[in-house]
Amino acid sequence: MNNSLILGIESSCDDTSAAVLKGTQILANITHTQLVHEQYGGVVPELASRAHIEHIVPVVQRAIETASISLNEIDAIAFTQGPGLMGSLVVGTSFAKGLALAINKPLIGVHHMKAHILSHFISHEGMSAPSFPYLCLTVSGGHTQIVIVHDALNMEVIGKTIDDAAGEAFDKAAKMLGLPYPGGPLIDKLAVEGNPNAFCFSEPNIPDLNFSFSGLKTSILYFLKKEIAKNPDFVAVNLKDLCASIQHSITEILIKKLKKAQLQTGIRCIAVSGGVSVNSAMRKKLNAWHFEQPSISIHIAHPSFCTDNAAMIAIAGAFLYDAGIIHNQQITANAKLSW
Ligand code: KG4
Ligand code: ZN
């Protein structure tokens, strides 16, 4: 990779983030996470958009200051073009376009999910870059996919969810337990002291490499309804065991499909990205897999690069910039940006 200086901007959902990368090295990575959604049990698009408007300028300013660079030194501005929430994407896109025009620098529109996949190329202690081709399980709040990454610009989706994403399953299950949004990290925390085999939820029978989480969600809902009818304190009394069992069910679905994809493709380099890859049970299962089969290499990013961040947008932008791919002022945000 060349040593280009890339400013990355991320605003696809509820994190306003800006990063400066020189090659693969991070000079700054600043994220403002919107806490306003907690009380509503999920991201409220209108509030997310307004919060991005409020925070984008200070976040970018802090990134530039932290990197100790001047705007004129930047080679290109990479930003999340999509997919994501339209009102959120529009803020980052408009800001990036305006800044590019003002300082006369090239623009690079980045696909948010491809950036998650390429986050492994960021230089960071304890992280090693996968080698192409690798298999990437991308598990976030909006997506669950298994992708063959032939190279940085050539990716093939071989499996995806037919309904909810894995992160959504965590968050919806957490909501049923009365936990605030986003519930995934809380389930992870509470599960530490729980028994993963305390309760058993039905596993979906989905062919190929696709996923489904809506059946699991219904199974948890009916189970809780039945138990609460017998004992109104059921959730409070069993919270840790419930969290551990739900976490076990979701991560088993993920790891089983990933192992199936590995067998089918024969690819021995595996990466996991997206918010759910922070999950401790998921990490344990992946490490156990490597322990059982040392010829399989597992790449899990540092937690700060798993959840939404602008460093991954900058690294994905750097790959595009090195390949000579830049965009002009005609580029627009696209909530459903295709692969
Ligand atoms: O990648 P991400 O930050 O944003 C999207 O692009 O969606 O992923 C957010 C998702 C949320 O659903 C959140 O609950 C989940 O990742 N998540 C976790 C953990 N940390 C974040 N799920 C389970 N365990 C965690 N430790
Ligand atoms: Zn994301």
Side-chain angles (χ1 to χ4, degrees), residues 8-17 19 29 31-35 37-38 41-43 45 48 79-85 88-89 92 110-120 136-145 147 160-161 164-177 179-192 194 196 211 213 216-217 243-255 271-286 300-313 315-316 335-337:
I9 295 171
E10 155 65 23
S11 74
S12 66
C13 189
D14 56 346
D15 292 301
T16 317
S17 185
N29 187 28
T31 301
H32 172 269
T33 299
Q34 305 172 1
L35 302 175
H37 309 288
E38 234 183 71
V43 177
F79 67 96
T80 307
Q81 185 192 1
L85 298 172
S88 293
L89 291 166
V110 168
H111 190 290
H112 181 84
M113 297 316 294
K114 291 183 181 174
H116 269 301
I117 289 167
L118 295 171
S119 61
H120 296 275
C136 190
L137 170 70
T138 312
V139 269
S140 70
H143 294 81
T144 298
Q145 303 173 315
V147 179
K160 62 181 179 189
T161 182
D164 293 351
E168 211 175 338
F170 267 107
D171 297 338
K172 285 180 177 170
K175 201 171 176 180
M176 291 180 216
L177 301 178
L179 300 172
Y181 176 86
L186 288 169
I187 289 193
D188 194 354
K189 209 170 153 191
L190 290 161
V192 173
F211 299 90
F213 291 100
L216 176 70
K217 183 181 66 188
C243 287
S245 302
I246 290 167
Q247 175 171 276
H248 177 67
S249 301
I250 297 173
T251 53
E252 274 300 296
I253 294 171
L254 294 171
I255 200 97
V272 192
S273 59
V276 178
S277 61
V278 176
N279 185 265
S280 59
M282 191 65 203
R283 287 175 175 237
K284 264 189 205 146
K285 284 173 193 187
L286 289 162
I300 317 173
H302 183 272
S304 55
F305 307 122
C306 295
T307 49
D308 288 348
N309 67 91
M312 71 181 194
I313 304 302
I315 197 92
K336 298 200 182 307
L337 187 63

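Numbering of ligands and ligand atoms starts at 1, following listing order.
Residues Ser88 and Ser12 approach most closely at CB-O, 3.7 Å, considering heavy atoms.
Here the rule is side-chain contact (heavy atoms from CB on, under 4.5 Å) with Leu137, and of Ile255, Val276, Ile117, Leu254 only Leu254 fits it. Each of Cys306, Pro303, Cys136 was scored for a side-chain contact (heavy atoms from CB on, under 4.5 Å) with Ser277, with one residue passing: Cys306. Under the side-chain contact (heavy atoms from CB on, under 4.5 Å) rule, Ile313 has a single partner from Leu118, Val110, Asp308, which is Val110.
Using a 30° and 60° split on the angle between ring planes, His112 and His116 fall in the perpendicular class, above 60°.
Residues that satisfy the side chain to side chain contact (heavy atoms under 4.5 Å, CB included) test with Cys243, not counting sequence neighbours, are Leu177, Leu179, Ile187, Leu190, Ala191, Leu239. Taking Thr307 as the reference, Val278 meet the side chain to side chain contact (heavy atoms under 4.5 Å, CB included) condition, with sequence neighbours excluded.
Ligand 1 lies under 4.0 Å from heavy atoms of His112, His116, Ser140, Gly141, Gly142, Gly167, Phe170, Asp171, Pro182, Gly184, Pro185, Asp188, Gly274, Gly275, Val276, Val278, Asn279, Cys306, Thr307, Asp308.
For the Zn ion (ligand 2), the nearby protein N/O/S atoms, meaning those under 2.8 Å, are His112 NE2, His116 NE2, Asp308 OD1.
No donor-acceptor distance shorter than 3.5 angstrom exists from the side chain of Asp14 to the backbone of Ala48, with no hydrogens or angles considered.
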**OP:** Take Asn309 and Glu10 through the side chain to side chain contact (heavy atoms under 4.5 Å, CB included) test and state the conclusion after the steps.
**Re:** CA-CA 6 Å; Asn309 67 91; Glu10 155 65 23; over 6 Å; no

